Trainee: 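I have a structure I would like to understand better, so I am pasting it below and will then ask my questions one at a time.
Predicted model only: the values in this text are computed from it and were never measured.
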Amino acid sequence: MEFNGVVLPIQTITTTRTKLSKMQKEKEYIVHWIFKFAGRRKMGFLTLFLISTLVFGRLLYIWKGEDAQKIQVPRSLHINSITNKQQISNIHNNLSYVGKPVKPYRPRPPPYFHGYTLPQDHPCNRFTLPPPPADKKRTGPRPCPVCYLPLEEAIALMPSSPSFSPILKNLTFIHENPLNRKTEFGGSDFGGYPTLKQRRRTFNIKSSMSVHCGFVKGPEPGRGTGFDIAKTDILAMKRCRGIVVSSTVFDAFDDVKSPSNISKYSEQTVCFFMFIDEKTESSLKKDKGFNRTTKKVGLWRIVVVHNLPYTDGRRNGKVPKLLVHRLFPNSRYSIWIDGKLDLMVDPYQILERFLWRANVTFAISRHYKRFDVFVEAEANKAAGKYANASIDFQVDFYKKEGLTPYSTAKLPITSDIPEGCVILREHVPISNLFTCLWFNEVDRFTSRDQISFSTVRDKISAKTKWNVSMFLDCERRNFVFQRYHRVDQEKLKKKQAPVAILPPPSLISSELPRKLSNVSQVVSITPPKTRGRDKQSSSSRSNRNATLHARSPGTA
């Protein structure tokens, strides 16, 4: 049989016709089934929806093809690289309109605190220091006024993110057990024995560093390292995540006095820790202000330190002073004050004035009188604060490294000598590195940290442009009150009080009691202080009267 000019077998034609008829019947059945369950009106809507979907899809495909032609992919991107595919995907997502220049994708930097400025009409912007009182008799240091913000404003301005740490991002600390004591000189079992080569390496600032920073033995600071602390105190120190105010009294050298003028908010949010040794603890138990139950003196939480690493009390005091970031690993800011000082201003106001407003991470007051390391070294030798040979050795070592006397050529650096009894700092990697290396110098050389301060500061600054803020010493004396050491207080008490010279009995009023049990019951008989001019005139007048009396006739 012929089909379209081709002869086919009869069986094939029959089979083909059978299949076609079956397919036609199936189509008719499907159409009949659809019309059975849906009306003609609904079927029309369905057909219209399908047609519009096809048209929209076609237009979308054409539009994407035109956009793809307009995008210029950088030559450095290759499709067969997984990373570069992701970059291309990010470029597509970042385009806000067709034809915008393509920029390579860069991850957003982490948020940092960049400082702030007070409004132009703010009183602190117009604040200037008044001239010092013209009192020639009092030439020593004294406090000066400071423009603090109100407490509520200071709290509101506390940064929510950390400050930027130049170059250094990750700082870890060396743990050595057993210790390697092979070094040129200096070092200790507490701070380790870094060689001079290792010391030079620590001043080559990198993004990630590991340095000696005390506590080289034991599992963590305060446990088996020297300067050992109870577990409960270590846990309390770890829980301190905001601001910590710390101090220390060793060898019962000072009295423990609670901070004053502290707000309720700071009492609840700021940590106050006082580190003492066993000798101070036994003396403190006699103090009525010590609470044996809470182990507190006012706001201070008392932490007893055992197994002190050094025989020198001054060197032991440098551990909580310079390594506070190791004792409080989760804290953000710290205020260190010597045991002889009483804090008198709220911590939030202090940090706002000297750290946040100035946008710095480390602040310390400069010495009120001395600015030069060489002058400071001679003053320490004259006061007998350390062995003269050790001081000379340290200064000569720094001199060979390039230390020069302070001069105006170092501006804007205002001084090489700090008054180290107060330290304000933010615990970011660069400031932590500074105090670690500063402590290493104290551990290697003398315990006089003022001598090593400028060397460590200048070496870090040369690599990172990071610097220390040094404010006026009179400003420091505004928020802390300086007491005498306990030894000096006892010396003052032992001095005999001046003997009161009573007037003759005939001049005593009859209204006064006949028997005086205490001289203080009488009105003060101390003559009022006279001015220099009055004193001179009265003395010259008495001399003139004596001369006239000697010249008058009839005198023997």
Side-chain angles (χ1 to χ4, degrees), residues 123-124 127 129-130 132-133 138 140-155 157-158 240 242-249 253-276 284 287-291 296-302 317 320-321 324 331 333-358 362-368 418-426 469-486 488-489 492:
C124 287
F127 178 81
L129 284 175
R138 185 182 177 186
R142 66 190 74 191
C144 58
V146 175
C147 189
Y148 301 107
L149 293 187
L151 180 63
E152 293 78 9
E153 294 183 22
I155 294 173
L157 289 172
M158 181 177 181
C240 185
I243 300 172
V244 56
V245 179
S246 60
S247 185
T248 183
V249 174
F253 202 59
D254 295 294
D255 294 323
V256 179
K257 300 293 183 182
S258 178
S260 57
N261 302 323
I262 307 300
S263 65
K264 293 293 183 182
Y265 183 81
S266 294
E267 291 180 6
Q268 297 172 359
T269 59
V270 177
C271 306
F272 294 88
F273 279 81
M274 172 67 72
F275 297 92
I276 65 173
L284 191 61
D287 192 346
K288 296 180 180 179
F290 178 63
N291 191 324
K296 281 190 171 185
V297 176
L299 296 177
W300 291 121
R301 173 169 179 153
I302 303 300
K321 176 180 179 178
V324 63
S331 61
Y333 300 95
S334 64
I335 299 176
W336 160 264
I337 61 174
D338 274 3
K340 64 183 178 181
L341 302 179
D342 296 339
L343 188 65
M344 301 186 300
V345 176
D346 194 90
Y348 284 95
Q349 294 175 297
I350 297 173
L351 292 175
E352 189 283 325
R353 169 61 184 84
F354 296 101
L355 282 189
W356 307 335
R357 197 189 306 176
F362 197 101
I364 192 171
S365 66
R366 59 180 184 246
H367 199 278
Y368 74 97
E419 184 60 64
C421 55
V422 169
I423 295 178
L424 315 173
R425 54 181 292 209
E426 181 181 359
S469 173
M470 301 187 73
F471 53 93
L472 297 175
D473 184 64
C474 67
E475 294 176 314
R476 172 191 67 84
R477 294 174 182 270
N478 178 279
F479 60 85
V480 291
F481 174 74
Q482 188 163 326
R483 293 178 280 105
Y484 287 105
H485 294 297
R486 175 172 290 181
D488 298 329
Q489 292 179 16
L492 292 174

Trainee: Could you go step by step and tell me if L343 and I262 meet the side chain to side chain contact (heavy atoms under 4.5 Å, CB included) rule?
Mentor: CA-CA 9 Å; L343 188 65; I262 307 300; 4.2 Å; yes
Trainee: If you round to the nearest 0.5 Å, how far is CG of L149 from CZ of R353?
Mentor: 9.5 Å
Trainee: If you take all heavy atoms of F354 and L424, which pair is closest and at what distance?
Mentor: CB-CD1, 3.6 Å
Trainee: Within the structure provided, determine whether R357 and C124 are in side-chain contact (heavy-atom separation under 4.5 Å).
Mentor: yes
Trainee: If I compare all heavy atoms of S266 with all of P347, which pair ends up nearest, and what's the gap?
Mentor: OG-CD, 4.1 Å
Trainee: Taking the side chain as every heavy atom from C-beta outward, state whether I364 and E419 have any pair of such atoms under 4.5 Å apart.
Mentor: no
Trainee: What is the minimum heavy-atom distance between F362 and L355, and which atoms define it?
Mentor: N-CD2, 3.9 Å
Trainee: Please give me the minimum heavy-atom distance between W336 and S247, naming the atom from each residue.
Mentor: CZ3-CA, 3.4 Å
Trainee: Do the side chains of L341 and R476 get nearer than 4.5 Å, heavy atoms only?
Mentor: yes
Trainee: S365 and D473: which non-hydrogen atoms are nearest, and at how many Å?
Mentor: OG-OD1, 3.7 Å
Trainee: Verify the ring-centre separation between Y348 and Y265: is it less than 6.0 angstrom?
Mentor: yes
Trainee: Checking N261 side chain against M344 main chain: does a donor-acceptor pair fall under 3.5 Å?
Mentor: yes
Trainee: Assess the residue pair I423 and K321 against the criterion (side chain to side chain contact (heavy atoms under 4.5 Å, CB included)); give the C-alpha distance rounded to whole Å, side-chain angles, the decisive distance to 0.1 Å, and a yes or no.
Mentor: CA-CA 8 Å; I423 295 178; K321 176 180 179 178; 3.9 Å; yes
Trainee: Could you give the distance from CG (D346) to CD (E267), rounded to the nearest 0.5 Å?
Mentor: 9.0 Å
Trainee: In Å and rounded to the nearest 0.5 Å, what is the CD to OH distance from E153 to Y148?
Mentor: 15.5 Å
Trainee: Could you state the interatomic distance from OG (S246) to CH2 (W300), rounded to the nearest 0.5 Å?
Mentor: 7.0 Å
Trainee: Taking atom CG of L157 and atom CD of E352, what is their separation to the nearest 0.5 Å?
Mentor: 5.5 Å
Trainee: Step by step, would you call M158 with Y333 a side chain to side chain contact (heavy atoms under 4.5 Å, CB included)?
Mentor: CA-CA 10 Å; M158 181 177 181; Y333 300 95; 3.9 Å; yes
Trainee: N478 side chain to C144 main-chain N or O, any donor-acceptor pair under 3.5 Å?
Mentor: yes
Trainee: Please check: side-chain N/O of D338 versus main-chain N/O of K340, any donor-acceptor pairing under 3.5 Å?
Mentor: no
Trainee: Do you know the tightest heavy-atom contact between F272 and L299?
Mentor: CB-O, 3.3 Å
Trainee: Are the side chain of E475 and the backbone of L472 linked by a donor-acceptor contact shorter than 3.5 Å?
Mentor: yes
Trainee: Could you grab the distance from atom CZ of R301 to atom NZ of K296, nearest 0.5 Å is fine?
Mentor: 7.5 Å
Trainee: Ignoring hydrogens and angles, tell me if any N or O in the side chain of D254 forms a donor-acceptor pair with the backbone of V249 under 3.5 Å.
Mentor: no
Trainee: Can you find a pair of side-chain heavy atoms, one from V256 and one from D287, that are under 4.5 Å apart?
Mentor: no
Trainee: Evaluate the side-chain proximity of Q482 to R477: yes if any heavy-atom separation is below 4.5 Å, no if none is.
Mentor: yes
Trainee: Looking at C240, is its backbone amide N or carbonyl O close enough to the side chain of S331 to form a donor-acceptor pair, meaning the two atoms are under 3.5 Å apart?
Mentor: no
Trainee: Starting from the C-alpha separation in whole Å, work towards a yes-or-no answer on side chain to side chain contact (heavy atoms under 4.5 Å, CB included) for S260 and F481.
Mentor: CA-CA 10 Å; S260 57; F481 174 74; over 6 Å; no
